[in-house]
Trainee: 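Okay, here's the structure, questions in a sec.
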Amino acid sequence: MREDPLSIEYRGLLNPAQLEAVLHRETPLLVLAGAGSGKTRVITYKIAYLIHECGYRPEEIFAVTFTNKASNEMRERVNVLLEDSVDVWVRTFHSSAAKLLREWGKSLGVDPGFSIIDQQDQRSGLKKIVRSMNIDTETYRPEKYMYLINRAKDLLMNADEAASASFSSDLYFNDVYAQYQALLDRENLFDFSDLLFKLTRALERHGEVLERIRRRFRYILVDEFQDTNHAQYVLIRQLVGGGGSICVVGDDDQSIYGFRGARIENIHNFVKEYENCRVIKLEENYRSFQNILTASSQVINNNEERFGKTLYTKKGEGEKLIFCRTGTDYEESRFISKTILELGLIHGYRYSDCAIFYRMNAQSRAFESVFNQHRIPYTIVGGLRFFEREEIKDILAYIRLAMNPMDEIALRRIANRPPRGIGQRTVDAMVKACMDRGYSILHGDDDLPIAPSRKKLVLAFTELIADIGERITTQDPPSLLQHVYTTSGYLEWLRREQKEEKVKNLEELYNAVYEFHRSSPESSIVDFVEEVSLNQGARDDEFQDNRVHLITLHNAKGLEFPVVFMAGMEEGVFPHYLSGEALQDQQEERRLCYVGMTRAMERLYLTAAKSRLLWGRTVERDVSNFIREIPKDLLVEKEFGMSAANRASQRSGGSQAGLPSGSGLKKRRIVERDNSNITVNSRVVHESFGRGTVRSLQDDIAEIEFDDGFVMQFMLKYTPIQIENS
DNA sequence: CCAATAAGTGTTTTT
DNA sequence: CACTTATTGG
């Protein structure tokens with residue numbers, strides 16, 4: 001080990017295993033980083049070390065992650081350590097591929113002017129193809145082909161190769177894949193899988209370009225390596241070449257993206273694939289109390305084929321885990337809501353200390369409605385994303401179409417939005433005519449074989465798009481956007497239809513573009529579109545306020561919260577009934593459970609409802625097997641809301657708990673109150689929850705049963721409550 | 001040929 | 001329940 005002084009005091013800031021991971025650089029390195037063991041710390045310090053101590057220039061370092069959130073966080077932390085050495089390449093796999101293709105496309109034989117389509121566009125394209133083949137779209141669902149085609153691309157197989165390898169036994173798969181790819185190629189569109197597929201293919205063919213890229217990136221770091229798919233694995237292999245300048249970090253127990261092609265074998269076989277590989281395990285956990293670690297370890301121990309590691313912490317045992325069975329999903333929300341309020345009143349937790357994890361996005365609705373009633377502020381992380389909204393995608397489609405007049409998918413999206421008399425028939429005719437004759441889709445000549453009554457309308461539309469196209473280079477992004485809003489008639493249409501929410505979103509889009517323009521004045525709207533088509537991103541304000549976080553288990557990876565609720569711990573919901581019987585799938589669900597549990601720092605609650613209103617039906621559910629895998633002595637079991645009284649209150653809609661609307665109640669202010677006149681059995685009125693009776697009183701903590709059956713504890717000196725005056 | 005309305009249907013996780 | 005597709009009236 002080096003003995004010369006280091007310019008950053010690494011030794012004091014890292015534990016021995018972390019330090020070793022930072023300093024090792026002669027041969028390939030695999031860091032097995034358990035949950036909460038400081039892996040981001042290792043990566044960022046390693047980057048700093050390479051630059052400060054080993055003579056690497058920032059732009060020679062290539063660091064990839066999976067999510068935009070992770071890459072933003074990493075870039076920020078690197079910038080703090082390096083005092084704004086922003087040239088380090090910190091990007092997601094997909095944005096890395098897109099950037100390399102744009103930069104090197106010309107020498108790689110790839111047209112760098114491609115547009116990127118998201119899965120919605122991908123689906124609509126496939127739907128069109130399947131329908132045109134006149135086959136039964138119920139047995140042969142477009143979604144199925146979407147899945148298969150993406151998996152084939154992840155495995156670096158084009159349509160021909162997939163066909164000769166008998167990739168799928170589906171009768172029409174080969175045909176659908178070929179047609180779909182023809183559609184994309186014709187219009188120079190790339191789906192997400194294409195980015196990596198085409199890049200690795202092109203690098204294979206052009207060894208001389210690969211060689212130049214290798215010389216540029218002298219050290220490669222990969223985060224969350226357990227989630228790499230085959231294409232990503234191959235890309236990394238290509239970039240590293242024969243050298244040892246690679247460090248991958250991951251945790252096989254946290255591999256949760258098998259459904260989109262991730263191969264856990266990549267991390268398991270890394271040692272075999274990279275010669276002289278060094279393996280370092282990070283097993284000290286800095287996040288959770290021991291009870292949480294023990295419980296989650298016990299759960300994940302039921303999986304096979306793991307590296308296996310033993311997480312430990314120097315923190316104490318901490319609280320036991322709490323498992324609560326409720327009658328219905330609605331009561332589950334009420335229990336969690338009540339618990340959050342109590343944690344705040346009794347232990348001083350803030351809303352933003354609490355997070356609720358669930359398996360399916362649809363589960364958030366119950367929480368939203370109960371939280372609204374109880375005036376608990378919340379935020380849905382990664383729910384309906386801003387840039388996935390209809391109106392946003394429509395506006396961006398105008399710009400996309402102007403950029404790339406071959407983009408049929410964008411054309412179909414907006415040809416008649418707002419309604420301008422160009423229906424499906426007319427669009428079909430336009431597309432077909434142009435395809436046959438090799439025109440651009442925007443060709444507005446008189447000889448197009450469309451109904452005479454439509455010609456004028458079509459001409460007006462093509463002129464509209466052409467006009468936008470000219471302004472892309474001449475106008476700055478914000479005013480161009482404004483121009484699109486008005487000349488397309490889109491904004492006026494929304495106003496006429498009274499879609500206030502959507503109008504607001506367009507304003508927000510304008511703000512985003514304005515901000516984009518301000519921060520990089522030389523960039524065009526094209527760059528903006530590029531950014532948002534990859535950054536299917538969240539808004540910045542997601543984490544700012546004091547709000548409870550509602551979040552899917554998949555989105556929770558990489559986060560941590562003092563208090564975690566895992567909701568819907570029921571067979572069929574989690575593990576999800578569609579996740580498959582195969583051992584592989586069951587194990588992935590279990591890893592997802594492990595990921596969720598290990599996010600908790602101090603308190604972990606698990607809840608399950610007996611019956612759940614899902615898909616318009618009430619379904620009875622058993623408790624998830626994962627609960628049984630938690631040692632009994634670490635678990636406090638409770639029940640909530642299965643009494644007749646609560647059933648009744650539920651039917652009445654729960655409006656009793658609603659606040660009187662209006663004055664001054666938006667923010668709960670912490671004011672001390674004198675409630676010493678309240679004793680056991682007092683009849684009381686609570687500002688939010690209405691009338692009730694005090695059931696017990698101990699050390700200023702009162703348990704109150706409200707008339708609707710809702711039972712809750714309060715710290716009286718902070719509670720807005722009075723004796724009922726009769 | 002388009003737009004509004006009525007019936008019908010299939011429900012995970014995401015770059 | 002929310003979203004897609006068939007039908008009918010303009």
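Below, read A as the first sequence line, B as the second, and so on, with proteins coming before strands; counting in each chain starts at 1.
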Trainee: Give me the distance, rounded to whole Å, that separates dT4(C) from dT13(B) when you measure between the C1' atoms they each carry.
Mentor: 23 Å

Trainee: Given dT13(B), is OP1 or OP2 found less than 4.0 Å from the side-chain N or O atoms of Lys557(A)?
Mentor: no

Trainee: Please check if the distance between the ring centroids of Phe259(A) and Tyr257(A) is under 6.0 Å.
Mentor: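 Between Tyr257(A) and Phe259(A), which both carry aromatic rings, the centre distance is below 6.0 Å.
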
Trainee: Could you tell me whether Phe93(A) contacts a base, only the sugar-phosphate backbone, or nothing, with contacts defined as non-hydrogen atoms closer than 4.0 Å?
Mentor: nothing

Trainee: So, does Asn361(A) get its side chain near the phosphate of dT11(B), meaning an N or O under 4.0 Å from OP1 or OP2?
Mentor: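 The answer is no; no side-chain N or O of Asn361(A) sits under 4.0 Å from OP1 or OP2.
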
Trainee: Mind calculating the distance between CG (Asn150(A)) and P (dT13(B)) to the nearest angstrom?
Mentor: 16 Å

Trainee: Once you apply a heavy-atom cut-off of 4.0 Å, does Phe259(A) come out as touching a base, just sugar-phosphate, or nothing?
Mentor: base

Trainee: NA contact type, Arg91(A), heavy-atom cut-off 4.0 Å: base, sugar-phosphate, or nothing?
Mentor: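 Nothing, no nucleic acid heavy atom in range.
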
Trainee: How long is the line joining CD1 of Ile149(A) and P of dT15(B), in whole Å?
Mentor: 21 Å

Trainee: So, using side chain to side chain contact (heavy atoms under 4.5 Å, CB included) as the criterion, who are the partners of Lys128(A) when residues are at least two apart?
Mentor: Leu183(A), Glu408(A), Arg412(A)

Trainee: Given dT14(B), dT13(B), dT5(C), which nucleotide is nearest the side-chain atoms of Lys127(A)?
Mentor: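 Looking only at side-chain atoms, Lys127(A) lies closest to dT5(C).
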
Trainee: Salt bridge check: are Lys393(A) and Asp121(A) linked by an N-O gap of less than 4.0 Å?
Mentor: yes

Trainee: What's the CD1-P distance between Ile551(A) and dT13(B), to the nearest Å?
Mentor: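 Result: 13 Å.
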
Trainee: Will you find, in the side chains of Asn150(A) and Gln122(A), an N or O donor that is under 3.5 Å from an N or O acceptor?
Mentor: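 Present: a donor and an acceptor within the cut-off.
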
Trainee: Starting at the 5' end of DNA chain B and moving along, which residue's nearest nucleotide shows up first, Thr552(A) or Arg141(A)?
Mentor: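 Result of the comparison: Arg141(A).
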
Trainee: Under 6.0 Å between ring centres, would you say that holds for Phe66(A) and Phe93(A)?
Mentor: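 Yes, the ring centres sit under 6.0 Å apart.
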
Trainee: Can you measure Asp223(A) atom CG to dT15(B) atom C1' for me and round it to whole angstrom units?
Mentor: 14 Å

Trainee: For the C1' atoms, the ones on dT12(B) and on dT5(C), what distance do you get once it is rounded to whole angstrom?
Mentor: 24 Å

Trainee: dT15(B) base to His94(A) side chain: any donor-acceptor pair below 3.5 Å?
Mentor: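 Indeed there is one.
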
Trainee: At under 4.0 Å between heavy atoms, how does the protein contact nucleotides 1-7 of chain B? Give one character per nucleotide, 5' to 3', with B, S or -.
Mentor: SSS----

Trainee: Just the rounded figure in Å: distance from C1' of dT15(B) to CG of Asp121(A).
Mentor: 15 Å

Trainee: Is any side-chain nitrogen or oxygen of Asn68(A) closer than 4.0 Å to OP1 or OP2 of dT15(B)?
Mentor: no

Trainee: Atom NE2 of His576(A) to atom C1' of dT13(B): distance rounded to whole Å?
Mentor: 9 Å

Trainee: Would you mind telling me which of dT14(B), dT5(C), dT13(B) lies closest to the side-chain atoms of Arg131(A)?
Mentor: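 That would be dT5(C).
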
Trainee: Below 6.0 angstrom between ring centroids: does that apply to Tyr378(A) and Phe367(A)?
Mentor: no

Trainee: In this structure, how many angstroms lie between the P atom of dT12(B) and the CD atom of Gln119(A), rounded?
Mentor: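 Taking atom P of dT12(B) as the reference, CD of Gln119(A) is at 13 Å.
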
Trainee: Between dT4(C), dT14(B), dT12(B), spot the one nearest the side chain of Asn555(A), thanks.
Mentor: dT14(B)

Trainee: Compare the ring of His554(A) with the six-membered ring in the base of dT13(B) and state whether they stack (centres under 5.5 Å, planes under 30°).
Mentor: no

Trainee: Give a yes or no on whether a salt bridge exists between Asp227(A) and Lys557(A), defined as a side-chain N under 4.0 angstrom from a carboxylate O.
Mentor: yes

Trainee: Rounded off to whole Å, could you give me the CG-to-P distance for the Asp191(A) and dT15(B) pair?
Mentor: 15 Å

Trainee: Check side chain to side chain contact (heavy atoms under 4.5 Å, CB included) between Glu492(A) and all other residues, then give those that pass, not counting sequence neighbours.
Mentor: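 If we apply the side chain to side chain contact (heavy atoms under 4.5 Å, CB included) test to Glu492(A), skipping adjacent residues, the hits are Arg496(A).
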
